[in-house]
S.K.: 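The structure that follows is given in the form of structure tokens.
Sequence lines set the chain letters: A, B, ... in the order given, protein chains first and strands last, and positions in each chain run from 1.
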Number of protein chains: 2
Amino acid sequence: MGSVQRKTITDVARRASVSPATVSRVLNGDESVGAGYQRRVRRAVEELGYRPNRLAQNLRRQRSAAIGVVVSDIENPHFSEMVRAVEDQAYGRGYRVLVCNTDESPAKQATYLDTLVEERVLGVILSPSDAHDPQISALLDNGTPVVAFDREVDDRRADAVIADNLEGARTAVEVLVRSGHERITFVSGRRDVETGAKRLDGFEFAMRSHGLEARSVDGEFRTDGGHAAVAGLLASPDRPSALIVGNNLMTLGVLRAIREAGLRAPHDIALVAFDDPPWAEFVDPPLTTLAQPVRRMATEAMELLLERVTGARTEPRRTVHPFELRLRASSGSQ
Amino acid sequence: MGSVQRKTITDVARRASVSPATVSRVLNGDESVGAGYQRRVRRAVEELGYRPNRLAQNLRRQRSAAIGVVVSDIENPHFSEMVRAVEDQAYGRGYRVLVCNTDESPAKQATYLDTLVEERVLGVILSPSDAHDPQISALLDNGTPVVAFDREVDDRRADAVIADNLEGARTAVEVLVRSGHERITFVSGRRDVETGAKRLDGFEFAMRSHGLEARSVDGEFRTDGGHAAVAGLLASPDRPSALIVGNNLMTLGVLRAIREAGLRAPHDIALVAFDDPPWAEFVDPPLTTLAQPVRRMATEAMELLLERVTGARTEPRRTVHPFELRLRASSGSQ
DNA sequence: CTGAAAGCGCTTACAG
DNA sequence: CTGAAAGCGCTTACAG
């Protein structure tokens, strides 16, 4: 049980009566090595159960075989789904995944990106809490590709995979307006963050195009923020007849506030929410949601990253993905 | 913007007019270095903005500064909470976290553990899908500490942090029996997995001690498994009056089956569920749950791991954590 | 207390 | 096509 002593490339070389250089070449798929050598080396590798030392490879190549994934909170189902998809693909290709949680803090993001620079990761998939972070440029200067996820970053050399937030917010408004709602309030995420700002913009634009007043409150993308933003609102006499909630965490807070106010959705107040976590259809009432194709987006982010890592592409690319409307009871529009 | 050229330990040594060895000693807290040297080195480090190359340190030490976390699925809130807690602590101490998803597959687990051996991680926190996996022993042989999380492993050299599953199941039964239920079915997880087996054992023991028949179905810890296991059951004329569900994923499947059967909980069927994800209080009906102190357990797992890494402890340790009952509407017992 | 030297296990320009 | 040698950037036993 357990190899007593790790074999090195020199052990293999000795056994195959070749130089370590040749072993290295064979293992790295260098075509120029003669067929006979190839065979001898492969046999020796097999017989000794040799596995290259990752740590030595990393130092020599000045790259670790890891991909950094930076999100605000892996406990948010939106991001755990994303991390899961990235991880599945990464491991399949021999890369590891380093996970970092920023809690939407620019300072934490800077620290983590700095660490990833130091770690010489192959690439970074980043859902930025701070689009201006100079560490992003430091990574790119360093030759480390960056793919922005959900939100773009300032440095135009980065790739980006984002959802069509303007259109998503417009869709949410349409669903509610069609059901006769006019007093609709948007529970927005942080406005200094792109997803927050874009969804709010889309909401305001859509409301105005219907000649309606665009009211909004700020829930900061957090559960307690959603609760706090809505609690007062619901107590007021001219409370809105419908809410659009900017992400799944705030939705939990809003559901609590509605319950505490003794109201029932959609009867007293209709609801449309961004994100479609597994529990969306089981809460009371089942939620009408705008689902992002998270898995597809994550897969694409990995592909963009690998195109950069392998040098297959050099100009930045940006892809935009539509939301999918899932009509359920909470919007009162079924 | 972006360091043009990384500084090395030799650059620092030259600037401080000392040897690289001295720089290394100062940076690694070697007390024996003279105060004057200390100061000179620290100044040079500061001035050059020197940061040690992690990759070189790893090779030299034959250890990477990473901790492997192996769970069945990071999309399960139980595990994302655990990973989050581990990650918070790890980064604070300068370690990285490598995440691996096994999907409850022994083959995947073996592959990932093998990778972690190769990666020379500092330690592994493992929620095992296969307690007998010889790779676990390979890690331990290798000097890599292993902390079993949720479920124990065969190799007694590993530490373990587990919940009191027997007692948890007993509590669930008590809640329902006290409300007058006698036909209670347990929706179990995989019986070849410790949490599955223990919770089932506890259920059967508690039921028998009340002179009741202990029926159970197998939902394999998965959402669709929970759905499939319960769908037929609910259609039968002598359907149970209450269900105990073995984890949060299966609970989503059970909620769907109940809805599809046109039943209402707790009126038609009462429910007690293991795990207390954020959505538990917002589903219809709010769930009575058995919550594990996941965060505390994860923190403890990290502490146990670090005690081993630093060599502060050599004998294995095992800690057991109680569940906490959260009474809500689904059990019909409020 | 400090330094010179060896070495961790690879990869890759350079010769031949 | 293949090998000898240098080197990635550290750390640490060994001398002094």
S.K.: Which residues, if any, of residues 29-42 of chain A bring a heavy atom under 4.0 Å of DNA chain D?
M.R.: A:Ser32, A:Val33, A:Gly34, A:Tyr37
S.K.: Specify the residues of residues 53-61 of chain A, ordered by number, for which at least one heavy atom lies under 4.0 angstrom from an atom of DNA chain C.
M.R.: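 Only A:Asn53, A:Ala56, A:Gln57, A:Arg60, A:Arg61 qualify.
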S.K.: Taking side chain to side chain contact (heavy atoms under 4.5 Å, CB included) as the definition, give me every residue that meets it alongside B:Arg25, ordered by chain and number, with sequence neighbours left out.
M.R.: B:Ala21, B:Thr22, B:Asp30, B:Val33
S.K.: With no hydrogens and no angle check, do the side chains of B:Thr102 and B:Ser129 hold a donor and an acceptor under 3.5 Å apart?
M.R.: yes
S.K.: On DNA chain C, check which nucleotide each of B:Thr22 and B:Arg120 is closest to and give me the residue with the more 5' one.
M.R.: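 By nearest-heavy-atom nucleotide position, the 5'-most residue is B:Thr22.
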S.K.: Are B:Lys108 and A:Glu87 within salt-bridge range, i.e. N to O under 4.0 Å?
M.R.: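 Not counted as a salt bridge, because no side-chain N and carboxylate O are separated by less than 4.0 Å.
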S.K.: Between B:Ser19 and C:dG3, is there a side-chain N or O to OP1/OP2 distance below 4.0 Å?
M.R.: yes
S.K.: Who pairs with B:Asp155 by salt bridge (Lys or Arg N to Asp or Glu O under 4.0 Å), at least two apart in sequence or on another chain?
M.R.: B:Arg157
S.K.: How many Å lie between CD1 on B:Ile9 and P on C:dG3, as a whole number?
M.R.: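 Rounding to the nearest Å, CD1 of B:Ile9 and P of C:dG3 are 12 Å apart.
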S.K.: Salt bridge (Lys or Arg N to Asp or Glu O under 4.0 Å) with B:Glu75: which residues, sequence neighbours excluded?
M.R.: A:Arg295
S.K.: State which residues pass side chain to side chain contact (heavy atoms under 4.5 Å, CB included) with A:Pro106; sequence neighbours excluded, sorted by chain then number.
M.R.: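 A:Asp130.
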S.K.: What is the distance from CZ of B:Arg51 to C1' of D:dC10, rounded to the nearest Å?
M.R.: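 After rounding, the reported distance stands at 16 Å.
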S.K.: Can you tell me how far C1' of D:dC10 sits from CZ of B:Arg6, to the nearest Å?
M.R.: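 It is 14 Å, rounded to the nearest whole Å.
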S.K.: Does A:Ala16 offer a backbone N or O that forms a donor-acceptor pair with the side chain of A:Arg40 under 3.5 Å?
M.R.: yes
S.K.: What residue pairs, at least two apart or across chains, pass salt bridge (Lys or Arg N to Asp or Glu O under 4.0 Å) with a residue in residues 58-69 of chain B?
M.R.: none
S.K.: So, using side chain to side chain contact (heavy atoms under 4.5 Å, CB included) as the criterion, who are the partners of B:Glu300 when residues are at least two apart?
M.R.: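 With sequence neighbours excluded, B:Glu300 shows a side chain to side chain contact (heavy atoms under 4.5 Å, CB included) to B:Val161, B:Leu304, B:Thr319, B:His321, given in chain and number order.
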S.K.: Which dot-bracket notation, 5' to 3', represents the base pairing of DNA chain C when pairs are defined as Watson-Crick or G-U with both distances under 3.5 Å, crossing pairs as [ ], and inter-strand pairs as |?
M.R.: |||.||||||||.|||
S.K.: Starting from P on C:dT11, measure out to CZ on A:Arg63 and report it in whole angstrom.
M.R.: 16 Å
S.K.: Polar-atom pairs under 3.5 Å, protein N or O versus N or O of nucleotides 13-16 of chain C: list them with distances, or write none.
M.R.:
| from | atom 1 | to | atom 2 | distance (Å) |
| --- | --- | --- | --- | --- |
| C:dA13 | N6 | A:Arg25 | NH2 | 2.9 |

S.K.: Just how far, in rounded Å, is P of D:dC8 from CD of A:Glu119?
M.R.: 20 Å
S.K.: Please examine the side chains of A:Val18 and A:Val23, heavy atoms only from C-beta on, and report whether any two atoms are closer than 4.5 Å.
M.R.: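 Heavy-atom side-chain distance check passes, below 4.5 Å.
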S.K.: To the nearest Å, how far apart are B:Gln62 CD and C:dG9 C1'?
M.R.: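 Checked: the CD to C1' distance equals 8 Å.
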S.K.: So does B:Thr8 get a side-chain nitrogen or oxygen closer than 4.0 Å to the phosphate oxygens (OP1/OP2) of D:dG9?
M.R.: no
S.K.: Rounding to an integer number of Å, can you tell me how far A:Leu27 CG sits from C:dT11 P?
M.R.: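 Roughly 7 Å, once rounded to whole Å.
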S.K.: Under 4.0 Å between a side-chain nitrogen and a carboxylate oxygen: does that hold for A:Arg313 and A:Glu307?
M.R.: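 Judged by the 4.0 Å cut-off on N to carboxylate O distance, A:Arg313 and A:Glu307 do form a salt bridge.
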S.K.: Quick one: side chain to side chain donor-acceptor pair (under 3.5 Å) partners of B:Ser105, sequence neighbours excluded?
M.R.: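 Result, side chain to side chain donor-acceptor pair (under 3.5 Å) vs B:Ser105: none returned.
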S.K.: Check residues 119-127 of chain A and write down every donor-acceptor pair under 3.5 Å in which the side-chain atom is one partner and the other belongs to a residue at least two apart or another chain.
M.R.:
| from | atom 1 | to | atom 2 | distance (Å) |
| --- | --- | --- | --- | --- |
| A:Glu119 | OE1 | B:Arg54 | NH1 | 3.3 |
| A:Arg120 | NH1 | A:Glu118 | O | 3.4 |
| A:Ser127 | OG | A:Phe149 | O | 3.2 |

S.K.: So which of A:Arg15, A:Lys7, A:Arg14 actually passes side-chain hydrogen bond (donor to acceptor under 3.5 Å, both in side chains) with A:Asp11?
M.R.: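 In the set A:Arg15, A:Lys7, A:Arg14, the residue that makes a side-chain hydrogen bond (donor to acceptor under 3.5 Å, both in side chains) with A:Asp11 is A:Arg14.
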